[in-house]
**Student:** 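Sharing a structure here in structure tokens format.
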Number of protein chains: 2
Amino acid sequence: MDIDQQLLAAAERLFDRNGFNATGMGKLVREARLSSRTVYKHAGNKNALMARVLSERHRRFFEHTDFSTTTALFDSLAEWFAAEGIRGCLFFRAEAETGGDIPEIAAEVAAYHQQLIEHIAELVVRETGQADTQLADQILALFEGATTAATYRGAAVIDAARSCACQLVNARTRP
Amino acid sequence: MDIDQQLLAAAERLFDRNGFNATGMGKLVREARLSSRTVYKHAGNKNALMARVLSERHRRFFEHTDFSTTTALFDSLAEWFAAEGIRGCLFFRAEAETGGDIPEIAAEVAAYHQQLIEHIAELVVRETGQADTQLADQILALFEGATTAATYRGAAVIDAARSCACQLVNARTRP
DNA sequence: ACGCAGGTAAAACGATCGTTTTACCTTGGG
DNA sequence: CCCAAGGTAAAACGATCGTTTTACCTGCGT
């Protein structure tokens, strides 16, 4: 059934564009062109739907993003924003809107963050030949910072962050 | 009257900890130990209250933060988080929760961002002797990224971001 | 002594929230 | 042929939302 995709696509779009709490189930039902009965049959309730949206976003993001090199990482981010618009990190926003109080959502956010950290740590090892927590934290900060700051400064921040990250990595590559 | 401070303090605490939309006026009235009549006499309505909270936060943040050197900037951020807790940027969160649709709030967020950008640009000039948009964007990304990533990685990200920013600035200081 | 500015407590407003229910299709397989 | 599965449309649920109103109290200036 593409009914699940229809529902999840509408939910992700509305949650992302207008916020989670500001998006009522009524508006969601209307936008997804489904009946509320069907929506609740498929999603359970709003919290579960939010969690599924995050889970799907998680999958799609790591499917899209290329962690093979630092350059590729920030290029992927720029591509993502060009295709999806720049509205900041949906996981951070979900956690902030819910105060971390809804376990199913907090779990999805934590899972995303853990995988993000791991992928960056592996990237560091791959590019410099050794683990380096501080370098990984720096790339993470540049990645998150580009995501946030690009919402009001535009895509130029991503270029700036990429060149900074590459500088850091190159400095470690040949000492 | 400290009635305004009482109201704004409670509002900022609840909005920050639990989110803007998730914080009802009922809970706010209870927590501020005021009557709803008094709250609406002082604040007008919820949107105006949110905007005033952001305006006050803006003032307080720039009063606290030391933009004189790159080191001082990230030290200030670490101090702020130690004192206030780490929950990410309240301005970004306000914009995201409202989808940018409430003009009074969007204006406060834009004003904050503009001043942040300006202060960092001046910091760059002060430390390197010339304007450098790319360097300013890099420091901005590190600043925003530290703010966001510290919510799940902790204060270590701030140290990492500071050392990265200082490296960048020093590389420009003596060429 | 009095009035009024400005506070409280509590009820009430209509709107909207998330969710469930009722009643009615449509459709593919035995 | 028909019946279960699974969809729609729409009404209804109680809770809570943001906001206003009613009724009362208090303290201060003249």
Side-chain angles (χ1 to χ4, degrees), chain A residues 1-55 93-106 108, chain B residues 1-55 93-106 108:
Chain A
M1 243 46 73
D2 59 64
I3 225 172
D4 272 39
Q5 294 174 328
Q6 202 173 331
L7 173 55
L8 284 177
E12 180 174 354
R13 208 186 78 245
L14 290 176
F15 289 157
D16 190 26
R17 290 188 129 80
N18 305 113
F20 292 89
N21 287 324
T23 301
M25 293 299 275
K27 181 181 286 186
L28 181 62
V29 158
R30 208 176 317 120
E31 207 90 3
R33 298 172 186 282
L34 295 168
S35 70
S36 74
R37 202 173 189 273
T38 302
V39 165
Y40 278 93
K41 203 81 82 134
H42 280 72
N45 55 48
K46 192 182 182 183
N47 285 342
L49 178 58
M50 290 168 60
R52 282 194 56 195
V53 164
L54 293 177
S55 169
R93 292 167 51 197
E95 186 80 352
E97 279 212 45
T98 59
D101 288 336
I102 293 146
E104 340 164 40
I105 293 172
E108 291 295 339
Chain B
M1 241 48 71
D2 58 63
I3 225 173
D4 270 40
Q5 294 173 329
Q6 202 173 331
L7 173 55
L8 285 177
E12 179 174 355
R13 208 186 81 244
L14 290 176
F15 288 157
D16 190 26
R17 291 190 128 78
N18 305 112
F20 292 89
N21 287 324
T23 300
M25 292 299 275
K27 182 182 284 185
L28 181 62
V29 157
R30 209 177 315 122
E31 206 91 3
R33 298 174 186 281
L34 296 168
S35 69
S36 76
R37 204 173 189 272
T38 302
V39 164
Y40 277 93
K41 203 82 83 138
H42 278 73
N45 56 49
K46 191 183 183 182
N47 286 342
L49 179 58
M50 289 168 60
R52 284 195 54 196
V53 163
L54 293 178
S55 169
R93 291 167 52 197
E95 187 79 351
E97 279 211 45
T98 59
D101 289 336
I102 293 147
E104 341 165 37
I105 293 173
E108 292 295 339

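Residue numbers start from 1 in every chain, and the chains themselves are labelled A, B, ... in the order their sequence lines are given, proteins ahead of strands. Computed from a prediction, not measured in an experiment: that's the story for all the values here.
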**Student:** Given the rule in the side chain to side chain contact (heavy atoms under 4.5 Å, CB included) test, do A:Arg17 and A:Thr23 qualify, once you have shown the distances and angles that lead to the verdict?
**Tutor:** CA-CA 9 Å; A:Arg17 290 188 129 80; A:Thr23 301; over 6 Å; no

**Student:** To the nearest 0.5 angstrom, please state how far the CG atom of B:Asn45 sits from the CD atom of B:Glu104.
**Tutor:** 6.0 Å

**Student:** Measure CG/B:Leu34 against C1'/C:dA9 and give the value in whole Å, please.
**Tutor:** 13 Å

**Student:** Ignoring hydrogens and angles, does a donor from either the side chain of A:Ser36 or the base of C:dT19 sit under 3.5 Å from an acceptor on the other?
**Tutor:** no

**Student:** Separation of A:Ile3 atom CD1 from D:dA5 atom P, in whole Å?
**Tutor:** 17 Å

**Student:** With a non-hydrogen cut-off below 4.0 angstrom, is A:Arg33 in contact with a base, only sugar-phosphate, or nothing?
**Tutor:** sugar-phosphate

**Student:** Measure the distance from CG on B:Leu7 to P on C:dT8 and round it to the nearest whole Å.
**Tutor:**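 Roughly 11 Å, once rounded to whole Å.
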
**Student:** Classify the side chain of B:Thr38 and the base of C:dT8 as holding, or not holding, a donor-acceptor pair under 3.5 Å.
**Tutor:** no

**Student:** How many Å lie between NZ on A:Lys41 and P on C:dT19, as a whole number?
**Tutor:**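 Answer to the nearest Å: 15 Å.
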
**Student:** OP1, OP2 of D:dG6 versus side-chain N and O of A:His42: anything below 4.0 Å?
**Tutor:** no

**Student:** Rounded to the Å, how far apart are B:Tyr40 OH and D:dT22 C1'?
**Tutor:** 17 Å

**Student:** Could you state the CG-C1' distance from A:Asn47 to C:dC17, rounded to the nearest angstrom?
**Tutor:** 13 Å

**Student:** Just the rounded figure in Å: distance from P of C:dA15 to NZ of A:Lys27.
**Tutor:**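 Spelled out: NZ on A:Lys27 to P on C:dA15 is 17 Å.
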
**Student:** Given side chains that start at C-beta, do those of B:His42 and B:Leu34 come closer than 4.5 Å, heavy atoms only?
**Tutor:**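 Not touching, per the 4.5 Å side-chain cut-off.
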
**Student:** Rounded to whole angstroms, how far apart are CG on B:Asn45 and P on C:dC13?
**Tutor:**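 After rounding, the gap between these two atoms is 22 Å.
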
**Student:** Heavy atoms, side chains only, cut-off 4.5 Å: are A:Leu7 and A:Leu49 in contact?
**Tutor:**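 Yes, close enough: below the 4.5 Å cut-off.
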
**Student:** Once hydrogens and angles are ignored, does a donor-acceptor distance under 3.5 Å link the base of D:dT22 to the side chain of B:Arg37?
**Tutor:**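 Answer is yes: a donor-acceptor pair is held.
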
**Student:** Atom CG in A:Asn47, atom CD1 in A:Ile102: separation rounded to 0.5 Å?
**Tutor:**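 Taking CG in A:Asn47 and CD1 in A:Ile102, the distance rounds to 4.0 Å.
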
**Student:** Of the options D:dG7, D:dT19, C:dG18, whose atoms approach the side-chain atoms of B:Met25 most closely?
**Tutor:** D:dT19

